[in-house]
Amino acid sequence: MIPEESASPSLLVGLAGQPNVGKSTVFNLLTGLRQHVGNWPGKTVARREGIHSYDGVNLRVIDLPGTYSLTANSPEERIARDFILRERPSVVIMIADASAIERNLYLLSELLWLPAPVVLGLNMMDVAKTEGIEIEAHVLAAALGIPVVPLVASRAEGVSALIAEAVRLAQDPDRIKPARPEVGAAHREVLATVIALLGESVPPPYFAAWVAMKLLEGDSEITELARAWLPDGAWRQIEELLHRHEDAVLDITSGRYEWIGRMVRAAVKQPRLGQVSFTDRLDRYAVHPFWGMLLLFAAFALIFGITFQVASPIQEWLDVHIVTSVRTWLRAELSAMPPWTSGLLADGVAGGAGIVFTFLPVLVVFFTALALLEDTGYLARVAYVMDRFMHALGLHGKSFLPLFLGFGCNVPAVVGTRVIEARPGRLLTILLAPLVPCSARLAVLAFLVPPFFGKWALPVAVGLVAANIVVLVVVGIALNHTLFRGHRLPFIMELPLYHTPNARSIAHFVWHSTRMFLTKAGSFILLMALLIWALGNFPGPNLESSYLGYFGRALGPLGELLGMDWRLVVALLSSFMAKENAIATLGILYGGGEKGLGLAETLVASVAPASGLAFLTATMLFIPCAATVAVMRQEMGSWRWVFFAIGLTLLIALGAAALVYQICLLFGWGVIHA
Amino acid sequence: MLLFDPMDMTDKKTCYRPLSEIPAGARIVVRRVDGGRGLLSRLAALGLVAGSDLEVLQNSQDGPMLVRARNTRVALGRNEARKVQVEELDG
């Protein structure tokens with residue numbers, strides 16, 4: 001996407017800001033489609049970079065992760081500060097929310113200590129005004145000693161003035177003399193002592209004054225680094241000093257707000273207290289323990305309603321009119337070729353591509369919903385309302401939405417975990433996502449339960465789904481007390497102001513997420529489709545005599561424990577490509593059509609209810625489908641975790657199926673209905 | 001570790017109550033945070049430090065609670081709210 005660098009001068013620009021301040025809106029306005037989304041090296045945090053041309057100058061704009069501060073509390077905070085320290089941008093543009101200016105300036109109080117000139121863009125001036133807050137930008141600029149530009153990014157107001165200031169400052173950084181917050185008097189001497197002890201031991205790009213302040217704040221990353229930099233004697237002295245002045249962190253944080261208070265005193269007129277804003281009025285319902293829950297389920301019902309009303313028909317249409325006709329056409333065109341070539345192209349390649357293709361409508365609907373909920377500010381309310389329930393699973397309230405989307409499809413559930421900032425919480429949510437029964441599995445359930453269980457179909461189906469949820473909860477609790485023990489982050493979250501969603505930001509998110517799925521997951525799915533096709537077609541003429549068939553038979557003893565014959569095992573294995581494939585495979589293996597019976601009747605005539613139930617249990621909990629595996633790899637950043645997830649689900653699925661089968665035998669369900 | 005507000009010279013900690021016990025509608029001042037530096041710096045970044053004025057927006061006695069600090073709505077888990085010691089303002 002990024003054009004080759006031309007001969008024109010280029011400036012490196014960091015775009016910083018707290019979350020929910022409209023930073024992405026500004027970034028999209030600046031770079032439009034000239035942007036590239038990747039990951040920060042070694043991290044799973046998205047790195048967005050783009051080009052903006054201004055007056056013959058190319059600005060290489062890096063969108064830094066949104067952070068409230070610059071301590072080492074999260075990977076995002078480390079990324080933001082490391083970028084400024086190591087890559088030394090010509091200028092940093094900080095976007096602030098004018099309606100919560102004091103809290104926003106906290107980030108500025110830290111940024112000003114880093115070696116880059118800063119321009120402050122005061123966004124959401126319109127919101128601030130409706131909240132009754134008046135800010136005089138030039139007065140604030142005079143106090144801070146840096147350029148301050150008022151913005152309404154949602155209407156593209158002020159952005160060109162902001163860029164003009166940024167370029168001016170980048171070309172002459174000594175033009176300004178920023179006011180910096182100093183450490184409170186009580187600890188100034190301690191700070192000086194630490195700086196003296198650090199001496200010449202701090203290697204670039206770090207510098208002693210900043211390192212000393214971070215040490216006093218108890219910053220974990222800098223503490224580790226300093227321990228390695230310093231000779232033992234000097235470090236012990238510092239350590240002892242830090243221990244004696246543990247309260248310095250209070251002095252530093254309070255000191256920053258005192259500084260902020262001084263900065264805004266003359267420039268900002270706050271509203272009289274007790275004014276009730278739109279956000280407050282809406283929140284009376286949105287975060288109410290009862291109404292909030294009702295609103296949440298109404299919103300989600302709407303999302304699923306749209307999915308089934310719009311996305312599913314499109315999906316079906318694509319499947320019937322495009323995928324199937326392409327495959328039929330291919331088969332006809334290639335009829336002169338050896339059968340394996342037409343099979344490879346029509347079933348392997350076109351079949352695999354068809355799977356990728358038919359995911360698209362549902363993904364687009366879900367990605368849009370996700371972006372919309374996030375952009376309006378409602379997602380934080382969902383997290384708040386659901387936190388008490390998710391808490392039991394060791395999850396953050398924000399895990400609720402992705403997991404809930406999982407009922408539609410596990411792919412957007414895994415992608416949707418991006419809304420969770422902390423990595424352990426994200427990993428745990430991704431691990432649990434495949435245990436949410438997706439609509440494809442529910443379709444298998446709906447097809448197989450009625451013929452096997454007749455009038456008991458409904459309770460059996462509901463029971464299976466309920467048991468599935470119980471498994472999800474138990475696994476969540478178990479993982480939380482073992483692998484993820486002690487990783488629970490404190491639940492402290494901003495509930496941002498509600499605002500009108502920005503169509504451009506949403507379109508960007510949907511476009512990039514969908515494109516990522518097509519390119520990254522798409523190639524993996526295609527590869528898997530070819531592999532499974534080959535395993536199912538070689539060496540023999542049909543599935544029975546294929547490697548897949550042999551494999552299914554080789555698993556006989558295991559199948560016996562689960563009450564499943566080789567055909568059920570092969571059907572289960574084939575569900576890896578797509579969950580609904582289980583039915584198609586059963587159709588091939590059990591033939592149907594015999595004596596004019598449909599597949600359902602044929603199955604009932606040859607499979608005992610106990611085996612049927614075991615098969616359903618295994619299908620519900622089996623390893624995630626190829627598309628889900630592909631996005632899990634993409635979002636977890638390593639195969640190690642994906643293999644762990646596959647092993648875990650395999651173990652759970654087989655264990656649960658064996659348990660179900662053995663229990664059913666006790667009830668005498670092991671006999672085939674005549 | 002106990003971290004005291006350095007501005008607070010008199011020992012009045014008996015009057016302080018955990019934020020988790022404060023009902024909705026009350027206006028309070030944060031006096032102390034009993035927690036590690038991690039919790040402390042997270043709270044500070046969202047505007048909650050010793051000396052911050054807060055308004056309790058919602059507190060339903062279980063689950064997270066909601067406060068307003070520096071014109072920001074901040075949701076706090078119960079465990080976190082228990083560690084914030086506050087003093088009620090008169091009136």
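Small disclaimer: the values here were computed from a predicted structure and weren't measured. Naming: A, B, ... by sequence-line order, numbering from 1 per chain.
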- Distance, nearest 0.5 Å, that separates OG1 of B/T72 from CG of A/L497: 8.0 Å
- Query: Ion pair present between A/D219 and B/R37, side-chain N to carboxylate O less than 4.0 angstrom?
  - Reply: no
- Query: So do A/R388 and B/D62 actually touch side chain to side chain, heavy atoms under 4.5 Å?
  - Reply: yes
- Within a reach of under 6.0 Å around CD of A/E134, are more than 12 heavy atoms found that belong to other residues, nucleotides or ligands? no
- Do A/D280 and B/R68 come within less than 4.5 Å of each other through their side chains, counting heavy atoms only? yes
- Query: Do you know which two heavy atoms are closest between B/A50 and A/S254, and how far apart they sit?
  - Reply: O-OG, 4.0 Å
- Among B/G63, B/G47, B/A81, which residue forms the greatest number of heavy-atom pairs with chain A at distances under 4.5 Å? B/G47
- Query: Taking atom CG of B/L46 and atom CD of A/Q18, what is their separation to the nearest 0.5 Å?
  - Reply: 7.5 Å
- Query: Does any heavy atom of chain B fall under 4.5 Å from the side chain of A/V287, the backbone, both, or neither of them?
  - Reply: both
- May I ask you to decide if A/S99's main-chain N or O and B/N71's side chain share a donor-acceptor pair within less than 3.5 Å? yes
- Task: State, to 0.1 Å, how close B/A44 and A/Y106 come at their nearest heavy-atom pair, and which atoms those are.
- Result: CB-OH, 3.6 Å
- Note on the structure: Answer key: most heavy-atom pairs under 4.5 Å with chain B among A/A100, A/A383, A/G218, A/S220 is A/G218
- Message: Need one label for A/L107: side chain, backbone, both or neither, based on atoms under 4.5 Å from any heavy atom in chain B.
- Response: neither
- Query: Any cation-pi pair here, B/R73 with A/Y384, using under 6.0 Å and within 45°?
  - Reply: no
- Select one option (side chain, backbone, both, neither) describing which atoms of A/D97 are under 4.5 Å from chain B's heavy atoms. neither
- When rounded to the nearest 0.5 Å, the distance separating OH of A/Y257 from CG of B/L48 is 8.0 Å
- Item | Check: A/H391 and B/P64 side chains under 4.5 Å, non-hydrogen atoms | no
- Message: Using side-chain heavy atoms (C-beta onward) and a distance below 4.5 Å, is A/L495 in contact with B/L66?
- Response: yes
- Query: Under 3.5 Å, side chain of B/E80 to main-chain N/O of A/I492, donor-acceptor pair present?
  - Reply: no
- Region of B/S41 that comes under 4.5 Å of a non-hydrogen atom in chain A: both
- Query: Which residue out of B/A45, B/G38, B/G77 racks up the most heavy-atom pairs below 4.5 Å with chain A?
  - Reply: B/A45
